[in-house]
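Numbered from 1 within each chain, the chains take letters A, B, ... in sequence-line order.
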Amino acid sequence: SAVISQKPSRDICQRGTSLTIQCQVDSQVTMMFWYRQQPGQSLTLIATANQGSEATYESGFVIDKFPISRPNLTFSTLTVSNMSPEDSSIYLCSVEWQANTEAFFGQGTRLTVV
Amino acid sequence: SQELEQSPQSLIVQEGKNLTINCTSSKTLYGLYWYKQKYGEGLIFLMMLQKGGEEKSHEKITAKLDEKKQQSSLHITASQPSHAGIYLCGAGRAGNMLTFGGGTRLMVKP
């Protein structure tokens, strides 16, 4: 199994600022995924991050707002830029693991923008 | 793109009662995942189904995938307050990437 650590676990930020969320995996993985869960909503995929290439964003998400880094096979960051209260959500990272197994998730970062 | 519809959106049941949550896909499912999320917390993996007609059980929770692989159900027998939370179904895409349904919020009254 994969153990995924996310930092910070929660934060309260001022509008207009940026927050970088870190995701660390205890094994090397090819793909890492970032999801957003808005209050009372389900999870929505933001982007897929492969090491050595630019992240691939889902419709409705752009790199300027959610820049992602993937410097190596065990680490990724997601930045939420120029935050507004609408960005208040739980952000979760997940990883590609073996086929036909559970998808592993970090515990999430609860972001509140005031 | 694949869409998952969950029903009901929310459910309140009396402790001890049985309940069923449904997940319907707009396309054939090649991997269907069930997760539970306690309010404000991370995801707890429940089960994954792949084959048409497959059924899996864990403690008092049973999940089924229909023969056509477009619908799954999650059944809880003799519900307990510990079953309360949000139940999410997810359709597998490439590499464990998932598309999630809207979730079902379950409350169990003691």
Side-chain angles (χ1 to χ4, degrees), chain A residues 1-7 9-10 21 23 25 27-51 55-60 73 76 88-112, chain B residues 1-11 21-25 29-51 54 56 58 61 63 65 69 74 85-107:
Chain A
S1 65
V3 178
I4 303 172
S5 302
Q6 271 188 247
K7 289 182 183 179
S9 57
R10 57 180 63 227
I21 302 167
C23 181
V25 191
S27 303
Q28 293 185 341
V29 294
T30 304
M31 289 199 284
M32 296 178 77
F33 313 112
W34 287 98
Y35 292 84
R36 179 177 74 179
Q37 185 178 28
Q38 294 178 298
Q41 304 293 317
S42 186
L43 279 75
T44 301
L45 182 67
I46 298 172
T48 302
N50 288 340
Q51 193 258 342
T56 302
Y57 289 82
E58 296 292 294
S59 175
L73 292 174
S76 178
S88 298
S89 298
I90 299 174
Y91 292 86
L92 298 101
C93 71
S94 179
V95 302
E96 179 191 32
W97 198 242
Q98 299 167 4
N100 306 325
T101 63
E102 70 173 280
F104 295 98
F105 287 84
Q107 284 300 300
T109 296
R110 178 181 287 276
L111 169 63
T112 302
Chain B
S1 62
Q2 187 164 27
E3 293 184 1
L4 293 181
E5 193 84 27
Q6 274 186 250
S7 63
Q9 290 185 333
S10 63
L11 193 54
I21 298 168
N22 294 302
C23 177
T24 302
S25 173
L29 292 159
Y30 292 101
L32 189 285
Y33 298 71
W34 283 102
Y35 285 85
K36 176 187 173 184
Q37 183 181 35
K38 286 195 175 267
Y39 296 103
E41 298 182 11
L43 300 179
I44 301 167
F45 174 73
L46 296 175
M47 274 167 277
M48 187 187 80
L49 305 166
Q50 285 185 285
K51 300 175 184 175
E54 187 174 9
K56 289 186 178 179
H58 177 66
I61 301 176
L65 182 61
K69 295 172 64 175
L74 187 82
I86 302 171
Y87 289 81
L88 297 161
C89 66
R93 294 164 59 180
N96 295 144
M97 181 169 41
L98 301 180
T99 296
F100 284 92
T104 295
R105 287 144 189 82
L106 172 64
M107 288 182 61

Those residues that, when tested against Tyr91(A), pass ring pair (Phe, Tyr, Trp, His ring centres under 6.0 Å) (two or more places apart): none
Rounded to the nearest 0.5 Å, the CD1 atom of Ile44(B) sits from the CZ atom of Phe105(A) at a distance of 13.0 Å
Region of Gln41(A) that comes under 4.5 Å of a non-hydrogen atom in chain B: backbone
Reported CD-to-OG1 distance for the pair Glu58(A) and Thr99(B), which is rounded to 0.5 angstrom: 7.5 Å
Just wondering, are more than 12 heavy atoms of other shown residues or ligands nearer than 6.0 Å to NZ in Lys7(A)? no
Intermediate values then yes/no, side chain to side chain contact (heavy atoms under 4.5 Å, CB included), Phe33(A) and Leu98(B): CA-CA 9 Å; Phe33(A) 313 112; Leu98(B) 301 180; over 6 Å; no
Per-residue contact mode, Gln6(A) against chain B (heavy atom under 4.5 angstrom): neither
At a 4.5 Å cut-off on heavy atoms, which part of Leu88(B) comes close to chain A: side chain, backbone, both, or neither? side chain
Contacting region of Gln37(B) [heavy-atom separation from chain A under 4.5 Å]: side chain
Heavy-atom pairs under 4.5 Å with chain A are the metric here; pick the option from Gly103(B), Gly101(B), Gly92(B), Gly90(B) that has the most. Gly101(B)
So if I apply the side-chain contact (heavy atoms from CB on, under 4.5 Å) rule between Phe100(B) and each of Leu45(A), Leu43(A), Thr44(A), which one comes out positive? Leu43(A)
